[in-house]
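Report on the structure given below.
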Amino acid sequence: MQPYTAKQGQYLAFIYYYTKIHAVSPSEADIQRYFKVSPPSVHDMILTLHTRGYIERVPGQARSFRLLLPRDELPDLE
């Protein structure tokens, strides 16, 4: 598995903390609002995280992100 970039790490940390607080994974819209980026940017990042093996997701199913990295391998959310 390749090391993730700082930006990818922030997305992974957000998914971790959002899921911990809300007991469901974030939607792409939740991620978009937090990072103040466009919907295509979020979608591209999710596809990248999935392709690199950092998350699992079920295409077509809302809020289906699941981290595949343990907490101690994630950065703090800035």
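Side-chain atoms are counted along with the backbone in the values below, which use heavy atoms only and exclude waters and symmetry mates.
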Could you report the tightest heavy-atom contact between Pro75 and Gly9, atom names first, then the distance?
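That would be CG-O, 3.4 Å.
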
Heavy atoms only: give me the nearest Ile55-Ile46 pair and the separation to one decimal.
CD1-O, 3.8 Å

With [X], which residues qualify under side-chain hydrogen bond (donor to acceptor under 3.5 Å, both in side chains), at least two apart?
X     : answer
Asp76 : Arg71
Glu28 : His43
Thr5  : none
Ser41 : Ser38

Compile the donor-acceptor pairs under 3.5 Å between side chains in residues 61-68 and protein atoms, sequence neighbours left out, one pair per line.
unit_1, atom_1, unit_2, atom_2, d
Arg63, NH1, Tyr18, OH, 3.4
Arg63, NH1, Ser25, O, 3.1
Arg63, NH1, Asp30, OD2, 3.1
Arg63, NH2, Asp30, OD2, 3.3
Ser64, OG, Val58, N, 2.9
Ser64, OG, Val58, O, 3.2
Ser64, OG, Gln61, O, 3.1
Arg66, NE, Glu56, OE1, 3.1
Arg66, NH2, Glu56, OE1, 2.8

Could you state whether Tyr54 and Val37 fall into the same hydrophobic cluster, counting links through intermediate Ile, Leu, Val, Met, Phe, Trp or Tyr residues with side-chain heavy atoms under 4.5 angstrom apart?
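Yes: a chain of side-chain contacts under 4.5 Å links Tyr54 to Val37.
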
Mind checking ring pair (Phe, Tyr, Trp, His ring centres under 6.0 Å) for Phe35 and listing every partner two or more places apart, or none if nothing turns up?
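For Phe35, the residues satisfying ring pair (Phe, Tyr, Trp, His ring centres under 6.0 Å) (neighbours in sequence not counted) are Tyr11, Phe14.
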
So does Leu77 get a backbone contact from the side chain of Tyr17, meaning a donor-acceptor N/O pair under 3.5 Å?
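No, Tyr17 side chain to Leu77 backbone: no donor-acceptor pair under 3.5 Å.
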
Side-chain (Glu78) to main-chain (Gln10) donor-acceptor, under 3.5 angstrom
no

Nearest-0.5 Å distance, OH of residue Tyr4 to CG of residue Leu49
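Tyr4 OH to Leu49 CG: 11.0 Å, rounded to 0.5 Å.
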
